[in-house]
Number of protein chains: 2
Amino acid sequence: MQSYTEENYLKIIFHLSQNSNPVQTNAIAEKIQTKAASVTDMLKKLADKELVNYVKYQGVTLTEKGKLTAINIVRKHRLWEVFLVEKLNFKWDEVHEVAEELEHIKSTLLVERLDEFLEFPKVDPHGDPIPDQYGNFADLSFIKLSKLKANEKGTITGVSEHSSPFLKHLEKLGLTLGKKIEISEIIDFDGSVELLIDNNKINISREVAKHILISK
Amino acid sequence: MQSYTEENYLKIIFHLSQNSNPVQTNAIAEKIQTKAASVTDMLKKLADKELVNYVKYQGVTLTEKGKLTAINIVRKHRLWEVFLVEKLNFKWDEVHEVAEELEHIKSTLLVERLDEFLEFPKVDPHGDPIPDQYGNFADLSFIKLSKLKANEKGTITGVSEHSSPFLKHLEKLGLTLGKKIEISEIIDFDGSVELLIDNNKINISREVAKHILISK
DNA sequence: TATTTAATTTAGACAAATCTAAAATATATT
DNA sequence: AATATATTTTAGATTTGTCTAAATTAAATA
Ligand SMILES: [Mn+2]
Ligand SMILES: [Mn+2]
Ligand SMILES: [Mn+2]
Ligand SMILES: [Mn+2]
């Protein structure tokens with residue numbers, strides 16, 4: 001059994017593994033909002049428990065056991081987010097903090113019943129895939145909106161930034177999941193994107209465009 | 001803000017206050033499954049935070065602030081129990097452990113939305129009253145089944161023992177919330193109770209009868 | 001390659017919550 | 001009132017997770 005803290009480390013290592021493998025001590029420290037020295041202490045402990053492969057100065061990778069544990073936390077996090085939005089009328093920018101707490105509740109019966117109650121959702125309110133109870137993700141193929149060229153079309157199916165200010169901004173612009181968009185023009189000057197949504201022409205910064213995920 | 005542990009102490013002190021006031025160190029130690037010395041340490045800490053009134057060797061009482069905090073935890077515990085039974089099809093003997101974890105989730109928005117989603121329930125799956133957001137309990141007047149005399153009638157509206165074996169036992173006997181019963185006879189020999197339920201005559205021990213709560 | 005800089009680890013300390021053993025206080029019994 | 005017993009508190013240690021400061025190793029640069 002892992003502590004709340006250990007679970008958070010495993011989850012962060014899992015997410016950071018998507019970008020770089022092995023994961024560096026400093027990257028973890030930044031995400032967990034702690035010091036590199038604390039991370040080192042924890043990595044040794046997780047290695048003792050055979051949840052990570054750790055070689056000093058070389059970074060860490062998750063073991064199979066550690067990976068499954070991490071995925072299970074991600075599963076719970078995303079299921080709870082769906083619950084909050086679908087059943088309790090939370091907005092998509094209000095769910096993350098609460099899900100950070102709920103993801104640590106231990107009962108497996110609870111998770112399976114929740115999944116059933118929500119009718120086995122495949123994605124969370126931010127378009128992130130929800131792994132099944134065996135840890136398998138349906139692989140959804142996303143393209144960043146910023147990669148699209150003029151005249152290309154697509155549907156918004158995810159976001160890669162979950163902060164409340166960003167999500168509220170999208171909401172205000174009408175850029176929510178499921179909406180169809182068409183690129184009008186990429187502005188040379190600053191790389192910002194002009195696009196059509198609900199018959200309106202709007203402009204978004206390149207920074208925003210990078211965090212909107214599109215499927216065709 | 002209180003820690004998970006502090007919250008548990010406050011909740012236990014609140015419950016023990018119903019029987020004896022002030023509450024003794026040993027009584028707390030037994031409930032929390034810890035040592036008297038640990039309880040003393042925590043009581044000092046809670047006193048510093050003005051959550052309890054503590055005089056050494058005299059026991060503790062909750063301050064107004066401490067009491068409100070405790071009631072809020074009880075509120076959350078019982079709302080989550082309703083959720084688990086009503087929405088996720090948990091049985092009444094399966095909810096307590098999970099609710100012990102869920103009661104510590106902090107979001108007030110979550111609690112209010114959950115209350116609304118459940119349509120403002122007044123009692124939990126064990127018949128215990130759910131306080132409102134201001135800490136007010138609807139006072140339900142219960143009598144222990146063991147206090148009833150032959151020929152008296154009533155409705156089962158609560159239980160004062162929440163262990164899984166006890167609740168499963170009641171379930172098997174058909175003694176669930178809302179059921180109407182009539183006392184046939186109190187057996188002299190052992191004080192056991194013979195009663196009518198759903199047109200069946202059954203016998204329950206005095207020990208069981210003490211933990212069934214009846215309203216007329 | 002030598003030197004500078006960045007990343008990581010070690011050493012030692014600290015706060016929270018717990019423990020055991022011993023001392024102090026309160027309550028019960030003669 | 002004196003003694004015995006039960007309850008509670010103190011003292012000192014332990015575990016978990018964190019910290020700062022200093023030392024070590026790796027990576028970048030000259
Ligand atoms: Mn989230
Ligand atoms: Mn999400
Ligand atoms: Mn309960
Ligand atoms: Mn209950």
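A note on names: the letters A, B, ... follow the listed sequences, proteins ahead of strands, and every chain is numbered from 1. All values derive from a computational prediction rather than experimental measurement.
Rounding to whole angstrom units, OH of residue B:Y4 and P of C:dT18 are separated by 11 Å. Distance, A:L46 CG to D:dT16 P: 13 Å, rounded to whole Å. The CD1 atom of B:I32 sits 8 Å away from the P atom of C:dT18 (whole-angstrom rounding). Atom NZ of A:K56 and atom C1' of C:dT10 are 8 Å apart (whole Å). Between A:D41 atom CG and D:dT20 atom P there is a gap of 13 Å when expressed in whole angstrom units. Across the protein-nucleic acid pair, A:K35 atom NZ and C:dC14 atom P stand 17 Å apart, rounded to whole Å. Rounding to whole angstrom units, CD of residue B:Q58 and C1' of D:dT7 are separated by 12 Å. B:E30 has its CD atom 11 Å from the P atom of D:dT7, to the nearest Å.
Distances shown here put a side-chain N or O of A:T40 below 4.0 Å from the OP1 or OP2 atom of C:dT9. One finds a side-chain N or O of A:K44 lying less than 4.0 angstrom from the OP1 or OP2 phosphate oxygen of C:dT10. Of the side-chain N and O atoms in B:N26, none sit less than 4.0 angstrom from OP1 or OP2 of D:dA6. Side-chain nitrogen and oxygen atoms of A:Y9 include none within less than 4.0 Å of the OP1 or OP2 phosphate oxygen of D:dT16. Checking the phosphate oxygens (OP1, OP2) of D:dT7, no side-chain nitrogen or oxygen of B:Q24 falls inside 4.0 Å.
The nucleotide whose nearest atom lies closest to any side-chain atom of A:Y57 is, among D:dT25, D:dT10, D:dT18, D:dT25. Here the side chain of A:A37 is nearest to one of C:dT18, D:dT9, D:dC19, namely D:dC19. Which of C:dC19, C:dA7, D:dT18 sits closest to the side chain of B:S38 comes down to C:dC19. Between C:dA26, C:dT9, D:dC19, one nucleotide has an atom nearer to the side chain of A:Y54 than all others, and that is C:dT9. In the set D:dT18, C:dT18, C:dT9, C:dT9 carries the atom at the smallest distance from any side-chain atom of A:A36.
Toward the 5′ end of DNA chain D lies the nearest nucleotide of B:T25, the other residue of the pair B:T25 and A:M42 mapping further downstream.
Residue B:E81 comes nearest to B:A99 through the heavy atom pair CG-CB, 3.6 Å, listed as atom of the first residue, atom of the second, then distance.
In the model, A:T61 has a side-chain atom that pairs as donor or acceptor with a side-chain atom of A:N53 under 3.5 Å.
With respect to the salt-bridge test (charged N to carboxylate O, under 4.0 angstrom), the residues B:E100 and B:K11 qualify. For B:E97 and A:K106, the salt-bridge test fails: no basic side-chain N is under 4.0 Å from an acidic carboxylate O.
A cation-pi geometry, defined here as NZ or CZ lying under 6.0 Å from the six-membered ring centre and within 45° of its normal, holds between A:K87 and A:F117.
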